[in-house]
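Since the structure comes first, as structure tokens, the remarks are kept for the end.
Keep in mind that what you see is a predicted model, and the values were worked out from it rather than measured.
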Amino acid sequence: MNNISAKEYAASNLAPSIFYKKEVESKIFALIDCNNFYVSCERLFRPDLNNKPIIVLSNNDGCIVSRSNEAKSLGLPMGGPLFKYKNIIKNNNVNIFSSNYKLYSDISYRVMNSLRSFCPDIEIYSIDEAFLRLDKMSICNINNFANNIYSKVSKWTGIPISIGLAPTKTLSKIANNIAKTRSEFLGVCNLSDIKNIDAIFKNMKVSEIWGVAKKTEAKLNSINIFTIYDFKNSNQKLIRKILGVVGERIFLELNGVSCLDIQEVSVRKHISYSRSFGEKQTKFEEISQAIANHTSCACAKLRRQKTVAKGIIVYIATSPYSQKENYSNSYSIALDNPSSNSAEFIKKAQECLKKIFRHGYSYHKSGIVLFDISEENILQESFLESKIDDERNKKLMKIIDDSNYKSKSQILFFASQGIQRKWQTKKDLCSPCYTRWEELATVK
DNA sequence: TCTGGGGTCCTAGGACCC
DNA sequence: TCTGGGGTCCTAGGACCC
């Protein structure tokens, strides 16, 4: 069955209903989403925390990024800064964790592998979400199949999930939302089975649609579109005029015309690494260490995806919330030849920092971006650089990467990254990484 | 006192070319 | 004297996602 692009659809004279029918028959997407993922990972090894309010914090213990249902009902908002909610947290004995990304990515890997065993046509959309395309498989009963995924994944990994089924990705996100929020669906919602879908859509705000946030919501509200039902039944040309191709695509997807398919994994186009400092920093030396560290981590990522970058951007900033005079600046340098060598990029990063560092400010954050990324194997050989040096550097990087991978930590690093690391991010409430040998849970 | 981090895609506008 | 316009590429910024 041909996929009809939004453009082709817009250009066609055929009645929409013909397309809708064809598309409904042609594709079935399942969106699988882990419930309160970070919180669920923490609970996995701490069953004593079931049914208790838990929150997980962002880097530097700054904001709330994951909440258990109990924490949600206390009114703790997603993204809320921790210090504003100290009272609620204290009065209700809310359990707090710093984010433990090593643990979460290990658990995520388990969940995704389980999903892949059901359907190879998978797009891992984020650490806790994946789309499956089910219509290419021979499945007798799609609902039974989804129910099976639902129970097996929870059983195998211990992580609760929700599943939304629909003929487009946008609709499957909505179906997933319904599965998650309405207990009568028992965690799995097939949108095509719902008889009174209009009644449900009339009760959902446009901001509940994937791709519609504040700005877009305001634009839609201004033309009297408030609910998903309103949006779905509005005028395509008007939507195109007001929201551009992105909005038009959403409109079509809501109407069952699939414009977005499963995406293959592609190499990152930029790799960035930035952190707020645990405490404000004023000295060049400390910030220089942090920058060297960010650069080294980003280069390791670059090598892991077998790519090279042409240049680096370095930036530093004072806190945007500070009452004092603010300063932020960035500087970039392009290399003569693309590289993935940490030492080379660290040197350039420090040149950048010298250009932008100003005395007299308390810095809050620093970061780097590697840009113009291309695949390693299509790298052009330089005429100037010595090939022997190049080979030696590659070997050195491989030794560093292998050792750090084996030890699952940074046992080999550059002196410029520093040892004291006064700038390091705050992570006071971190759980053990239960999935690694040296931190396995103990049974008493 | 204390407010995260890493991405993607799209668009508008400028520079440049013929 | 009359002073175009279309195409392409690049970049910065906006909007959104989790």
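The residue A:K427 sits apart from the nucleic acid: no heavy atom pair falls under 4.0 Å. A:D61 comes within 4.0 angstrom of nothing in the nucleic acid, heavy atoms only. Residue A:I271 is classed as a sugar-phosphate contact, given heavy-atom separations below 4.0 Å to backbone atoms only. Residue A:K269 is classed as a sugar-phosphate contact, given heavy-atom separations below 4.0 Å to backbone atoms only.
Taking the C1' atom of each, C:dG4 and B:dC16 are spaced 15 Å apart, rounded to whole Å.
Positionally, the nearest nucleotide of DNA chain B for A:K365 lies more toward the 5' end than for the other of A:L243 and A:K365. A residue-by-residue look at A:S319 and A:R240 shows that A:S319 has its nearest nucleotide of DNA chain B further toward the 5' end.
The side-chain tip of A:R275 points at the ring of A:Y273 from less than 6.0 angstrom away and within 45° of straight on. Figure legend: cation-pi geometry between A:K169 and A:F131, with NZ or CZ positioned under 6.0 Å from the six-membered ring centre and within 45° of its axis.
Pairing of C:dT11, defined by two Watson-Crick or G-U wobble distances under 3.5 Å, is identified with B:dA12.
Within a 6.0 Å sphere centred on CD of A:E279, other residues, nucleotides and ligands contribute 12 heavy atoms or fewer. For A:K180, the NZ atom counts as densely surrounded, since its 6.0 Å shell holds more than 12 non-hydrogen atoms of other residues, nucleotides or ligands.
Ranking B:dT8, B:dG5, B:dT3 by closeness to the A:R268 side chain, first place goes to B:dT8.
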